Number of protein chains: 2
Amino acid sequence: MAYAHALDALGDPTRRAVWEILRKGPRAVGEIAASLPVSRPAVSQHLRVLRDAGLVRERREGTRHIYAVSPEGLAEVRSYLEGFWATSLDEFKAYAERGGQ
Amino acid sequence: MAYAHALDALGDPTRRAVWEILRKGPRAVGEIAASLPVSRPAVSQHLRVLRDAGLVRERREGTRHIYAVSPEGLAEVRSYLEGFWATSLDEFKAYAERGGQ
DNA sequence: CATGTGCGTAAGCCATTACTTACCGTAAGT
DNA sequence: ACTTACGGTAAGTAATGGCTTACGCACATG
């Protein structure tokens with residue numbers, strides 16, 4: 001299996017922190033690590049997971065590896081959650097009609 | 001911390017499997033466990049995590065505990081992801097304008 | 001060609017956690 | 001009251017995984 005699902009990748013707080021940094025714009029690995037209380041290799045490993053999940057994308061500028069949020073992986077997670085939305089609302093409606101029990 | 005974020009709760013494959021079963025409609029604990037390759041106590045523990053994350057809700061019918069997907073937790077995850085959507089599209093646009101590199 | 005910079009990978013350690021079985025509590029039926 | 005049904009909890013174990021340091025590779029610069 002190994003992180004097939006994007007939600008596996010987002011299930012770690014540090015990884016979400018990396019993702020939230022990239023949300024502000026593309027960053028090199030070292031820059032990301034400088035903003036976090038973990039080492040650069042740790043960030044590198046997290047980025048690999050995020051990349052395998054399709055959540056970030058990489059490009060190279062000389063020796064620097066620039067990462068950026070990828071829309072595709074985000075869209076995948078979104079559509080996954082959308083599938084729950086309709087049934088969830090139905091449930092909520094029935095729940096309310098029972099009087100909130 | 002311990003599963004403060006709903007995405008932490010959704011970061012486990014078995015827990016997502018539980019959630020996907022509940023997506024089809026409310027179920028008792030034993031019913032859920034019967035659909036999965038893990039024991040009933042394991043399901044019970046996963047349901048507790050999902051419940052603490054606000055992703056599922058519980059009601060009782062006699063000795064049966066009926067679980068159902070909760071809209072609130074789902075909405076939380078959705079709004080979290082929505083925050084990435086706009087910036088992600090901007091990034092994608094810039095990416096395309098660079099020629100897809 | 002040598003040095004410096006920026007990252008990824010390997011190996012190992014430690015904490016987290018997902019799972020099991022055993023047990024206990026509660027509700028309903030006989 | 002006894003029994004059965006249904007689930008949560010406790011305790012212990014095995015595995016996952018997140019982190020570190022050490023190392024190696026690619027690119028740029030003197």
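Note that this is a predicted model, so its numbers are computed, not measured. Each chain gets a letter, A, B and so on, in the order its sequence line appears, and its residues count up from 1.
The distance from atom CZ of A:Arg15 to atom C1' of D:dG17 is 9 Å, rounded to the nearest whole Å. In this structure, A:Arg16 places its CZ atom 12 Å from P of D:dG18, rounding to the nearest Å. Rounded to a whole Å, the CG atom of A:Leu36 is 14 Å from the C1' atom of D:dG18. D:dT9 atom C1' lies 14 Å from atom CG of B:Asp52, rounded to whole Å. Nucleotide D:dA5 holds its P atom 16 Å from the CD atom of B:Glu31, rounded to whole Å. Between the P atom of C:dG8 and the CZ atom of A:Arg59 lies a distance of 14 Å, rounded to the nearest Å. One atom, CD1 of B:Ile32, and another, P of D:dG7, lie 9 Å apart when rounded to the nearest Å. Rounded to an integer number of Å, the gap from CG of B:Leu47 to P of D:dT9 is 11 Å.
Contact annotation: B:Tyr67 does not reach the phosphate of D:dC6 (side-chain N/O to OP1 or OP2, under 4.0 Å). For A:Arg60, no side-chain nitrogen or oxygen approaches OP1 or OP2 of C:dC7 to under 4.0 Å. B:His65 has no side-chain polar atom (N or O) that falls below the 4.0 Å cut-off from OP1 or OP2 of D:dC6.
The shortest non-hydrogen separation linking A:Ala53 to A:Ala6 is CB-CA, 3.9 Å.
Rounded to the nearest 0.5 angstrom, A:Trp19 CH2 and A:Leu50 CG are separated by 8.5 Å.
Contacts of B:Glu20 classified as salt bridge (charged side-chain N to carboxylate O under 4.0 Å, His left out), with partners at least two apart in sequence or in another chain: none. Residues forming a side-chain contact (heavy atoms from CB on, under 4.5 Å) with A:Ser39 (at least two apart in sequence, or on another chain): A:Pro41, A:Ala42.
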Under 4.0 Å protein heavy-atom contacts per nucleotide of nucleotides 19-30 of chain D, with B for base, S for backbone only and - for none | BBBB----BS--
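Looking at the side chain of B:Arg48, the nearest of the listed nucleotides D:dG8, D:dT9, D:dG18 is D:dT9.
Proximity of a side-chain donor or acceptor of B:Arg16 to a complementary backbone N or O of B:Leu10 within less than 3.5 Å is detected. The backbone N or O of B:Ser70 sits nowhere less than 3.5 Å from a side-chain atom of B:Arg57 that would complete a donor-acceptor pair.
With A:Glu31 as the fixed residue, the salt bridge (Lys or Arg N to Asp or Glu O under 4.0 Å) test singles out one of A:Lys24, A:Arg64, A:Arg40: A:Arg64.
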